[in-house]
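Worksheet: one structure, shown below.
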Protein chains: 4
Amino acid sequence: MKSMSARQSAILLVDAPDARGQVAEVSGFLYRNGANILEADQHRDDLSGRFFMRVEWDLEGFRLSPSEFASVFGREVAERFRMTWRVEYSSRPLRVALFVSRHLHCLSDLLHRRQTGEMPGDFRLIVSNHPGAAALAGFHGLPFHCIEVAPDAKEAAERRQLELLEAERIDLVVLARYMQILSPAFVDRWPRRIINVHHSFLPAFSGAKPYHAAFERGVKLIGATAHYATEVLDDGPIIEQEVLRVSHRDQLEDFVEEGRDVERLVLSRAVRWHLEHRVLVSGNKTVVFR
Amino acid sequence: MKSMSARQSAILLVDAPDARGQVAEVSGFLYRNGANILEADQHRDDLSGRFFMRVEWDLEGFRLSPSEFASVFGREVAERFRMTWRVEYSSRPLRVALFVSRHLHCLSDLLHRRQTGEMPGDFRLIVSNHPGAAALAGFHGLPFHCIEVAPDAKEAAERRQLELLEAERIDLVVLARYMQILSPAFVDRWPRRIINVHHSFLPAFSGAKPYHAAFERGVKLIGATAHYATEVLDDGPIIEQEVLRVSHRDQLEDFVEEGRDVERLVLSRAVRWHLEHRVLVSGNKTVVFR
Amino acid sequence: MKSMSARQSAILLVDAPDARGQVAEVSGFLYRNGANILEADQHRDDLSGRFFMRVEWDLEGFRLSPSEFASVFGREVAERFRMTWRVEYSSRPLRVALFVSRHLHCLSDLLHRRQTGEMPGDFRLIVSNHPGAAALAGFHGLPFHCIEVAPDAKEAAERRQLELLEAERIDLVVLARYMQILSPAFVDRWPRRIINVHHSFLPAFSGAKPYHAAFERGVKLIGATAHYATEVLDDGPIIEQEVLRVSHRDQLEDFVEEGRDVERLVLSRAVRWHLEHRVLVSGNKTVVFR
Amino acid sequence: MKSMSARQSAILLVDAPDARGQVAEVSGFLYRNGANILEADQHRDDLSGRFFMRVEWDLEGFRLSPSEFASVFGREVAERFRMTWRVEYSSRPLRVALFVSRHLHCLSDLLHRRQTGEMPGDFRLIVSNHPGAAALAGFHGLPFHCIEVAPDAKEAAERRQLELLEAERIDLVVLARYMQILSPAFVDRWPRRIINVHHSFLPAFSGAKPYHAAFERGVKLIGATAHYATEVLDDGPIIEQEVLRVSHRDQLEDFVEEGRDVERLVLSRAVRWHLEHRVLVSGNKTVVFR
């Protein structure tokens, strides 16, 4: 039941110290209040001793309004288990900003998937340090903001970007091959809400020019990684990775060209899973409830 | 938590008409009786309207004996939801018989995985219509029964096989490239308890000589399928499939040779999942809780 | 050396009865005439006794004009070995027509790859039996022809299509999810020059509604196949196939949605290989020199 | 034509500065001397300006003995192009020594493939620093040498190993999960003739405990790498790599267990390609003619 449907649903996400009876309590609570569960998954991380849960239910017949849920679930269940939790409603899709530079393949892929209806989320705007994406943005009817990032005026550029994101109340920033490094201050304001795609199989070849490094090393597979951006470059929690076979016949340009297919695949998966509230962060790792 | 552990556990498997509250009831019941849930998964099949569930819990601290569980769970939960259910205990591994003909790669793979400890199950005996597997059986310390199948004496051969299976109270028959067709009567006696590996990506190339047919057709991927045997040849519920890339350079012998790797992979996965009670059958399909 | 370059090159394609000395003769001939070989590959099909060869060389410094090549190569080499052969020049890219119906993901993918420069070929026009692709065609600056195919006026529609193809001297017709069945007469006029994508792993699930059939059968992998169209539906020489893992959680809509990724991958590979003159047909199979 | 056959063949391997006409000269030379070419492949490395070639021909009807070939080919072709070259004869398979420690899955896999006939090479002996592999060696009829490697007596152990390798005139040493680090002196004596399998997708997680590091980092794919051993640990030319999908459900033990399948796959491929003389080393990369 991964495909999106027209029905109105709610999704509860839980992160708590592991304890017996949590599944029973949560599912009992939902049942008592008239929830028809569409999908449920949970995970116990033995190392950290944390418990993670995702439950999605049909709102048809459910007896609690969002504000009622917050107070009743907190009192009856969450407090007892010291749960960190939130509920997301399908009627309130996440608001997305796309950042891009010169290479448009990831952007084009995300926009195409949005058009076919397979990508949820409310796409609000496209930001780029190059004018090249304007036509594509126009074709898809999205506002396009070209904000050049001069080496000595990075701060000013980020200030303008932040104003845009705040004006549009953005929930998720997608770096779809945005080749500028964001400042720690910027990243800090959007914890676990910036998804980046790095064109290597991390942690191999982090940093600049990963295809060059992979070509140099003579690897037999090249890859791409979608991860949450953190202060440390290319070091955030990994959401998805994929690889592609190469051979001695492939030149550097072939790596670049064929790599695009894996880049757009991992980024579109990661973005979709985030927008469907399937990704929970546990330390520097992710739990992906697919 | 897929790797096997030393701890004693129980696994509840449920197949029921879909109804609200089943997860809440089952998990509430287990919690009340002291179960520490290790792993749980469920699935609603929209088409058939069936609900499937698998819960595994640590028996340490659990307050119901197997016989108590049967009566109490039936009364308190199962009857109300008209559940078909059973409980499996890790202390009682399934008893396995392996059938093989001339090609030993699947047999060898299963036995090697048993030796490394990654394959659960109580392997009891090996049956073959050829003497070739005797040495391998001996190396792994398993009884070997060579039962020749003369074209006009098939019934007698199957009678002997059945006697062996019954004497050893076999739970699962694995056809590890056993090239004789079992009679419908034989298959009927082991419903959903015979796993076969077919060396094609079913339903393509069912029947005899699938590699020949695949080679003839000029496919670019060859595959293998592990499925439950049913009366209709190569038509039972599919448990696992895998493919492998081939090219115009590959001759028929290459298909045969490289195909072995996929055959043993799909068969070993399917057998392991069955032995871990991860496979439920829904009509002619399988639900695999991995 | 798979990536396209700016240099002018020629590609010789040979199909001949297998005989000793062909590689020596061909490479000797090219060397004597000043060819700098960029890439060469050959294949002997043991079954058919045919020999296939593809050689690409830099035209810089090559001493034969196209017309000279035709007469000299024929006299000095080809006749002796009874070769079927042709030469393609990078300065004369193949002229391509794209046919599409409602589903635009394959079309969109091909056009995006053309835009990034990774897809060779001279894309001339888009034909559809639905108006939906008009905007996409416009965005990419390609003429769009909406030719409705009424059930009782198929012949007329095909006549108009043929006129367009002939007016544009089309070399390759790509059926990018074109859901009308072309008449044998139409197919006959473009032998081995129509590439179709079928949304199943052929020969499994040929014909209509392959995802429905795959879902019904409970397969664990879904696939797509790019092949040359022949008179017999879904039976032509296979150029490329790819698969994707699915599970019991995937509903029919998920098959359709996730299947799009494999469809566009196999079609874009097949079209690119054809445009790079990498595909030779041997009976009902293909030799793909990658 | 990758599968091994009974016919007697010779394989010429060439590494030379790139120059026009080499393919023509080599194939012309072979043709003049009666060679029936079975398989040929070549590669031009643009960066290093080197040319690599592998030609295999049937010896039936070939007019040069090994010693004649050496002098005639050198004089007529090789010297002119300053080729580094050698010829291998199928009648003289490479002599192989297998090194192993506690984990026997790679060893078992190689021995099983040898038994089915798909792995060429003349397997001479097994060396281990643990007694565990003795039974497996015995089952396969191979001499087993248990040479313990005390921390302070490494040199003595390597001396004994070298004596064995020299006595048996070993051509290839396969480190099939041999967990001792070989001294630079040892590695130097077998340049490009020691194949190691490292249980990570190099260059990620080189060094000790790669599965621990991968688990710690939260990767979504785990891998294995087969490479030639060089003085610098885990840094030699990569022959083959493969990966496997993991998820948050997989614990460290699952990484270890499932990783075995990729380890044995990459090692068996690399060893086979080496034994079939398909691997040429170019700087720190490999050219694999498959």
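Protein chains get the first letters and strands the later ones, always in sequence-line order, with residue 1 at the start of each. All of these numbers come straight from a predicted model, not from anything done at the bench. Side chains are part of it too, since the values below use all heavy atoms of this structure and drop only hydrogens, waters and symmetry mates.
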Practice prompt. Could you tell me which non-hydrogen atom of D:Gln42 sits nearest to which non-hydrogen atom of C:Asp41, and how far apart they are?
Written response: NE2-N, 4.4 Å
Worksheet item: Just checking heavy atoms, which of residues 13-32 of chain C are less than 4.5 Å from chain D?
Response: C:Arg20, C:Gly21, C:Val23, C:Ala24, C:Ser27, C:Gly28, C:Tyr31
Discussion item. Using every non-hydrogen atom in the two residues, find where D:Arg44 and C:Asn36 come nearest and quote the distance to one decimal.
Written reply: NH1-OD1, 3.6 Å
Worksheet entry | Over 12 non-hydrogen atoms of neighbours within 6.0 angstrom of CZ in C:Arg82 | no
Worksheet item: Heavy-atom count around C:Glu76 CD within 6.0 Å, excluding the residue itself: above 12?
Response: yes
